[in-house]
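Written below as structure tokens is the structure these notes are about.
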Amino acid sequence: MRIAVTGSIATDHLMSFPGKFSEHILLDQVDRISLSFLVDGLEVRRGGVAANIAFGLGSLGLTPYLVGAAGHDFTDYGEWLRRHGVDTESVRISASKHTARFVCTTDEAQNQLASFYTGAMAEAREIELTPVAERVGGVGMVVIGPNDPEAMLRHTDECRAMGFPFLADPSQQLARADREMARSLVDGATYLFTNEYEAALLTQKSGWTPREVLERVGHWVITRGAEGSTIEHRDRPPVAVPAVTARAIADPTGVGDAFRAGYLAGLSWGLDERGCAQLGSVLATLALEVVGTQEYRLDPADLLERLRGSYGDEAAAPIARRLPAAV
């Protein structure tokens, strides 16, 4: 299955705060917050939702097609992605803007405060998907991740018009969406991905009940942190998949992107939805154990061991047939 991954391409500036944000927020002063936290360290890493998902897919041996906009500073980043199996031919390079930047501080309770600089990402609205599909010989799935809002709407409309199956992953852009945008980004999706908070935000923004959302999408995958994930449908009970226990917790940034990469790889390999979520959970845990969204490494033996330990031999068997040639 050829997968085009649209969305943000960015660098991540990740900091850690040795305390809890909640201890420094005065509830009677929330309308005039002005805080500065002294952090322990700074890590500058490659990131962006689309690039993170594409990296995970490439690391599993697939060839995802990255579709987005980056700045003139993308050269080294692009080479990194290509070395990890990602096709970057459809990345638009801005002549005047830097690649987008994500700046995030995480406290000891894994709460995060973050900002995002758009930069070149604003030019993603100029990208058309049909030439991408023509270049690669058709696409079996288009991931529409958080991006320039106009780009997300354009890609969604084009998928519906051209009949491209698409995975809606509005993520952090739900916060700025009005009712029309929230509905447009979801309606007709083959898959909808949100975390638990975003699921509640989506129903609030769209004005649809969860049942009404399910009437408009094929599958709704909701990630629930340490509780795992659920796959919900309009006509049968949800499927619950527990998370894989982490050996250490380093940084939650990019964990959801890794989950999506594993899930999509499972789809490409013909796994059922439970198997897709199990593979996604393993990749999510690998990402959780390191600092940086593209710093985890896939060792076939370790990946299979984690699958067996968490889900049993039957979960590892179909994936084991893929890994020797894939990783």
[X] atom [atom1], neighbour heavy-atom count above 12 within 6.0 Å:
X: R176; atom1: CZ; result: no
X: Q110; atom1: CD; result: yes
X: E126; atom1: CD; result: yes

Check [Y] with [X], please: is the shortest side-chain N to carboxylate O separation under 4.0 Å?
X: D148; Y: R125; answer: yes
X: D251; Y: R45; answer: no
X: R297; Y: E289; answer: no
X: R46; Y: D76; answer: no
X: D257; Y: R260; answer: no
X: E198; Y: R224; answer: no

Is it true that a side-chain atom of [X] and a backbone atom of [Y] form a donor plus acceptor pair closer than 3.5 Å?
X: S268; Y: L264; result: no
X: S90; Y: L66; result: no
X: K205; Y: A177; result: yes
X: Y311; Y: P242; result: yes
X: D187; Y: R183; result: no
X: K20; Y: D107; result: no

If the test is side-chain contact (heavy atoms from CB on, under 4.5 Å), which one of L202, T156, I144 qualifies with V186?
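Among the candidates, only L202 passes.
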Rounded to the nearest 0.5 Å, what separates atom [atom1] in [X] from atom [atom2] in [Y]?
X: L288; Y: Y296; atom1: CG; atom2: OH; answer: 12.5 Å
X: E212; Y: R234; atom1: CD; atom2: CZ; answer: 13.0 Å
X: S115; Y: F102; atom1: OG; atom2: CZ; answer: 8.5 Å

Search all heavy atoms of A120 against all heavy atoms of G71 and return the closest pair with its distance.
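Of all heavy-atom pairs spanning A120 and G71, the closest is CB-N, 3.6 Å.
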Are [X] and [Y] close enough that a side-chain donor and a side-chain acceptor fall under 3.5 Å?
X: T99; Y: D73; answer: yes
X: D40; Y: S16; answer: no
X: Q112; Y: T253; answer: yes
X: W208; Y: T203; answer: no
X: T223; Y: E196; answer: no
X: Q173; Y: N147; answer: no
X: H233; Y: E273; answer: yes
X: S184; Y: R179; answer: no

Side-chain touch T63/V136, heavy atoms, less than 4.5 angstrom
no
Are Y191 and D169 packed together at the side-chain level, in the sense that at least one heavy-atom pair is separated by less than 4.5 angstrom?
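No, their side chains stay 4.5 Å or more apart.
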Do V132 and I53 sit in one hydrophobic cluster, given that two such residues count as connected whenever their side-chain heavy atoms are within less than 4.5 Å of each other, even indirectly?
no
